[in-house]
Amino acid sequence: MPHADSSFVPDTIQTKTEFYDHVLTQLEALLEGERYWVTNLAQTAAILYHSYLGSALYGGDAHGPVVNWCGFYLHPPSHPSSSSSGSGSTHPLLLGPYQGRPACLSILLQPNTKSGNVGVCATSFLSRKTVIVPDVENHPGHIACDGETKSEIVVPLVSSDPDSYSKVVGVLDLDSTVLNTFDEDDQKGLESVVKLIQDACDWS
Ligand code: SME
């Protein structure tokens, strides 16, 4: 099967649970035999983005992309703008492999000096918890990379390799042009996707 076909979603898929089961099966096969994290994150962003695009559950092609951005922000062990490193480091999250329109290159982990808030990705990264935003307009701190985005979900990405960061290495971020797109089924499915990636990658 050509690699691109792995992002085709069969019409028989009726629920989000079935959708994520299908994506996980395809993703596991795509990543088999490769542990380089850049390669695997790029492939993950591509299959997720195009699977949402082709699924009636998320609007399908007729309505344009509902999921308009899908990708990773990463927290490398060091950054040229900062002399700090390790667990106490507060250098920003940096844009990683993604699908969608161009986005913010970096996201600060420190609160905004005026509002006192951090963005959605930083909230998820710092708390190590998934954050679902039903309406970005009502979420203090939300950083708008695209004015069309209405809702969002962010899932923390934790290294399972005790010899590498042994902690959060970044986040998986998805944006939608529709309010209330993401729910607990998306959280469960995307946390399974992230678990698969964590185990499938070497992070150093
Ligand atoms: N909305 C995110 C910024 C990243 S873009 O959505 C791609 C945030 O508030 O952290």
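What you see is a predicted model; the values in this text were computed from it and never measured. When a ligand or atom number is given, it counts from 1 through the structure's own listing order.
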**Student:** Does Lys150 come within less than 4.0 Å of Asp175, counting only side-chain N to carboxylate O?
**Tutor:** no
**Student:** Which word best sums up how the rings of Phe125 and His75 line up, parallel for under 30°, tilted for 30 to 60°, or perpendicular for over 60°?
**Tutor:** tilted
**Student:** Please table the atom pairs, donor to acceptor, closer than 3.5 Å between any side-chain atom in residues 130-137 and protein atoms at least two apart or in another chain.
**Tutor:**
unit_1, atom_1, unit_2, atom_2, d
Thr130, OG1, Glu191, OE2, 2.5
Asp135, OD1, Glu137, N, 2.9
Asp135, OD2, Asn138, ND2, 3.0

**Student:** Enumerate the pairs of nitrogen or oxygen atoms, one from ligand 1 and one from the protein, separated by less than 3.5 angstrom; state names and distance to 0.1 Å.
**Tutor:**
unit_1, atom_1, unit_2, atom_2, d
ligand 1, 1 (N), His142, NE2, 3.4
ligand 1, 1 (N), Ile143, O, 2.7
ligand 1, 1 (N), Glu152, OE1, 3.1
ligand 1, 1 (N), Glu152, OE2, 3.1
ligand 1, 6 (O), Asp173, OD2, 3.3
ligand 1, 6 (O), Asp175, OD1, 3.4
ligand 1, 6 (O), Asp175, OD2, 2.8
ligand 1, 9 (O), Val120, N, 3.0
ligand 1, 9 (O), Ile143, N, 2.8
ligand 1, 10 (O), Val120, N, 3.2
ligand 1, 10 (O), Cys121, N, 2.9

**Student:** Tyr98 vs Trp69, test: side-chain contact (heavy atoms from CB on, under 4.5 Å). Steps then yes/no.
**Tutor:** CA-CA 7 Å; Tyr98 72 96; Trp69 201 89; 3.3 Å; yes
**Student:** Under a 4.5 Å side-chain heavy-atom rule over Ile, Leu, Val, Met, Phe, Trp and Tyr, are Ile13 and Phe8 clustered together?
**Tutor:** no
**Student:** Measure from the ring center of Phe19 to the ring center of Tyr58 and say whether it is less than 6.0 Å.
**Tutor:** yes
